[in-house]
Engineer: 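The structure that follows is given in the form of structure tokens.
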Number of protein chains: 2
Amino acid sequence: MDKNPLFHKFVAFTAAVHQVTHEMTKDVKFEAITPVQYKILEYIAISQPVTLSEISDCMHMSMPNTSRELRKLNEKQLCEKITDGEDRRKQFIRLSEKGEALMNEAFQRIESRFVQRIKNIPEAELKEIERALDLLHSKVFY
Amino acid sequence: MDKNPLFHKFVAFTAAVHQVTHEMTKDVKFEAITPVQYKILEYIAISQPVTLSEISDCMHMSMPNTSRELRKLNEKQLCEKITDGEDRRKQFIRLSEKGEALMNEAFQRIESRFVQRIKNIPEAELKEIERALDLLHSKVFY
DNA sequence: CCATTTGCTTATCAAATGATAAGTAAAGGG
DNA sequence: CCCTTTACTTATCATTTGATAAGCAAATGG
């Protein structure tokens, strides 16, 4: 397909990452949640508290659509909005208790699949893997 | 979020990969193509010739939906179906000339963004990156 | 042969997502 | 103050995607 072998590896690698994350994250959401809503919850879980604009930016979706999905998550009592004291236009969004519980369970399932995947790898190699993750994260996937 | 630091890195890393691939692949498709259709073309480009069932399996979509999207791509003259001589139920699918041209252009754009991203990295480090890609691909993202 | 399975198609429906126009209230800046 | 900008909401619409039922022709296997 291409003569630059590093680029070729990059493409094959990213395809594999997408494939594996799909396998590891499928069926982790029992609650009636759409894929986009799950992605939003995931983002909130990692970055909370966040504003609506931040979600909109990072998830590459328009403000109106973000607002709508957030309202739905709110109705399902999975997250809550807190108006900022400083700037009362801003909404700080965090997971509700129910949302935290949901995401904890989801992350636990993913982690157990991850552990399954690496369980036969010796300690020394795990160290190498950790270094490889660090290297690629800082140099290529930043 | 979690006490297993390797898992934490794994999560952060995969999120970053998704983020970066999104940035690198957005706007690479001028032709009136939906995201799913682009994904299918990408898969065909890398794995051709493929059967409809293979696309269906790998892209995690049902046969009817795969068939529909493929028909649309066919109507846009981006791919073509060739009935197998051995088993006349099977359809071998490959890109048309127009489809090849489209995907070549897309891949070139992605590659130039990739090159942009790594242009200041010295040769020795690139070697390390290549090794890191190989390691993670074989041990974690297989 | 005939029944069953495989590979794919057609049709239809519901749901999810994306895009746009128009609005509100608060903040900031002359 | 008033004008503009910012942060977000509401409403509406088109498109995309997902799911299901029903079908067909070729192959397979008694």
Side-chain angles (χ1 to χ4, degrees), chain A residues 18 22-23 25-44 47-76 78-94, chain B residues 18 22-23 25-44 47-76 78-94:
Chain A
H18 280 82
H22 177 270
E23 272 166 36
T25 58
K26 76 176 174 195
D27 310 327
V28 289
K29 42 180 196 294
F30 353 64
E31 201 86 11
I33 292 282
T34 71
V36 184
Q37 285 166 9
Y38 174 76
K39 276 275 151 208
I40 293 175
L41 285 183
E42 208 176 60
Y43 177 69
I44 300 175
S47 317
Q48 65 185 336
V50 287
T51 65
L52 208 139
S53 318
E54 286 170 328
I55 298 176
S56 172
D57 281 355
C58 294
M59 312 289 293
H60 313 284
M61 49 196 293
S62 68
M63 286 280 285
N65 291 337
T66 309
S67 182
R68 176 186 58 198
E69 297 309 316
L70 232 36
R71 177 176 49 72
K72 288 179 189 170
L73 288 172
N74 221 314
E75 281 164 6
K76 288 168 186 162
L78 294 171
C79 69
E80 45 199 29
K81 303 179 188 178
I82 302 138
T83 305
D84 185 13
E86 305 276 283
D87 184 340
R88 286 173 45 224
R89 290 169 306 180
K90 281 189 187 169
Q91 306 272 358
F92 283 120
I93 293 148
R94 25 174 74 264
Chain B
H18 280 82
H22 177 270
E23 271 166 36
T25 57
K26 76 177 174 195
D27 310 327
V28 289
K29 42 181 197 293
F30 353 66
E31 201 87 10
I33 292 281
T34 71
V36 186
Q37 284 166 10
Y38 174 77
K39 275 276 149 206
I40 292 176
L41 285 182
E42 207 177 60
Y43 176 69
I44 300 175
S47 316
Q48 65 185 336
V50 286
T51 64
L52 208 140
S53 318
E54 285 170 329
I55 299 176
S56 173
D57 281 355
C58 295
M59 313 288 292
H60 313 285
M61 50 195 291
S62 69
M63 287 279 286
N65 292 336
T66 309
S67 182
R68 176 187 59 199
E69 296 310 316
L70 232 35
R71 177 175 49 73
K72 289 179 187 169
L73 288 172
N74 221 311
E75 280 163 8
K76 289 167 185 162
L78 294 171
C79 70
E80 44 199 29
K81 304 178 187 178
I82 301 139
T83 305
D84 185 13
E86 306 275 285
D87 184 339
R88 284 171 48 221
R89 288 169 308 181
K90 281 189 188 168
Q91 304 273 357
F92 283 120
I93 294 149
R94 23 174 75 264

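These values consider heavy atoms only, across backbone and side chains, with no hydrogens, waters or symmetry-generated copies. Letters A, B, ... are given to chains in the order of the sequence lines, protein chains preceding strands, and every chain is numbered from 1. Quantities reported herein were computed from a predicted structural model and do not represent experimental measurements.
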Engineer: Grab the CE-C1' distance between A/Met59 and C/dA16 for me, whole Å please.
Structural biologist: 14 Å
Engineer: Rounding to an integer number of Å, can you tell me how far B/Asp84 CG sits from C/dC8 P?
Structural biologist: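 Rounded to whole Å, this separation is 10 Å.
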Engineer: What's the closest nucleotide to the B/Arg89 side chain, out of D/dT20, D/dA26, C/dA27?
Structural biologist: D/dA26
Engineer: Strictly below 4.0 Å: does B/Lys81 bring a side-chain N or O up to OP1 or OP2 of C/dT9?
Structural biologist: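 Yes.
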Engineer: Mind calculating the distance between CZ (A/Arg68) and P (D/dC13) to the nearest angstrom?
Structural biologist: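 Whole-Å distance recorded here is 14 Å.
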Engineer: Return the nearest nucleotide to the side chain of A/Asn65; candidates are C/dG18, C/dA11, D/dC8.
Structural biologist: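 Nucleotide nearest to A/Asn65's side chain: C/dG18.
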Engineer: Rounded to whole Å, please give me the gap between CG in B/Leu70 and P in D/dT17.
Structural biologist: 14 Å
Engineer: Is B/Thr66 touching bases, backbone alone, or none of the nucleic acid, heavy atoms closer than 4.0 Å?
Structural biologist: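 The residue B/Thr66 makes no contact with any strand.
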Engineer: How close or far is atom P of D/dT16 from atom CE of B/Met61, stated in whole angstroms?
Structural biologist: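 Taking CE of B/Met61 and P of D/dT16, I get 13 Å after rounding.
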Engineer: For A/Val50, is there any backbone N or O sitting under 3.5 Å from a side-chain donor or acceptor partner on A/Ser47?
Structural biologist: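 Judged by distance alone, no pair lies under 3.5 Å.
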Engineer: Measure from NZ on A/Lys90 to C1' on D/dT9 and round the result to the nearest Å.
Structural biologist: 18 Å
Engineer: Go through the steps for B/Lys72 and B/Glu69 under the test salt bridge (charged side-chain N to carboxylate O under 4.0 Å, His left out), then give the verdict.
Structural biologist: CA-CA 5 Å; B/Lys72 289 179 187 169; B/Glu69 296 310 316; 3.6 Å; yes
Engineer: When you look at CD of A/Glu86, are more than 12 heavy atoms from neighbouring residues, nucleotides or ligands closer to it than 6.0 Å?
Structural biologist: no
Engineer: Look at the side-chain N and O atoms of A/Thr34 and state whether any lies under 4.0 Å from the OP1 or OP2 oxygen of C/dT17.
Structural biologist: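 Yes, such a contact exists.
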Engineer: By the 4.0 Å heavy-atom rule, please label A/Ser56 as base, sugar-phosphate, or nothing.
Structural biologist: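 Since no nucleic acid heavy atom lies under 4.0 Å of A/Ser56, the category is nothing.
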Engineer: Of B/Phe92 and A/Glu69, whose closest DNA chain C nucleotide lies nearer the 5' terminus?
Structural biologist: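 Final value for this comparison: B/Phe92.
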Engineer: Among C/dT10, D/dC8, C/dT20, find the nucleotide with the atom closest to the side chain of B/Ser67.
Structural biologist: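 For the B/Ser67 side chain, the nearest candidate turns out to be C/dT10.
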Engineer: Considering every strand and a 4.0 Å limit on heavy-atom distances, what is the contact class for A/Glu86: base, sugar-phosphate, or nothing?
Structural biologist: sugar-phosphate
Engineer: How close or far is atom C1' of C/dT17 from atom NZ of A/Lys39, stated in whole angstroms?
Structural biologist: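 My rounded result for the distance is 16 Å.
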Engineer: Taking any heavy-atom pair under 4.0 Å as a contact, classify A/Gln37: base, sugar-phosphate, or nothing.
Structural biologist: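 Nothing, no heavy atom under 4.0 Å.
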Engineer: If I take atom OH in residue B/Tyr38 and atom C1' in nucleotide D/dT16, what distance separates them, rounded to the nearest angstrom?
Structural biologist: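 Roughly 18 Å, once rounded to whole Å.
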Engineer: So, are B/Glu42 and B/Lys39 salt-bridged, with charged N and O less than 4.0 Å apart?
Structural biologist: yes
Engineer: Compare the minimum distances between each of D/dT9, C/dA16, D/dA19 and the side chain of A/Pro35, then state the nucleotide with the smallest one.
Structural biologist: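 Of the candidates, C/dA16 comes closest.
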Engineer: If you assign each of B/Gln91 and A/Arg88 to its closest nucleotide in DNA chain C, which residue comes earlier from the 5' end?
Structural biologist: B/Gln91
Engineer: Counting C-beta onward and ignoring hydrogens, is there a side-chain heavy-atom pair between A/Tyr38 and A/Val28 closer than 4.5 Å?
Structural biologist: yes
Engineer: Ignoring hydrogens, what is the shortest heavy-atom contact between A/Pro49 and A/Glu54? Give both atom names and the distance.
Structural biologist: O-OE1, 4.4 Å
Engineer: Can you figure out which of C/dA21, D/dA26, C/dT9 approaches the side chain of B/Pro64 most closely?
Structural biologist: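 From the listed options, C/dT9 comes nearest.
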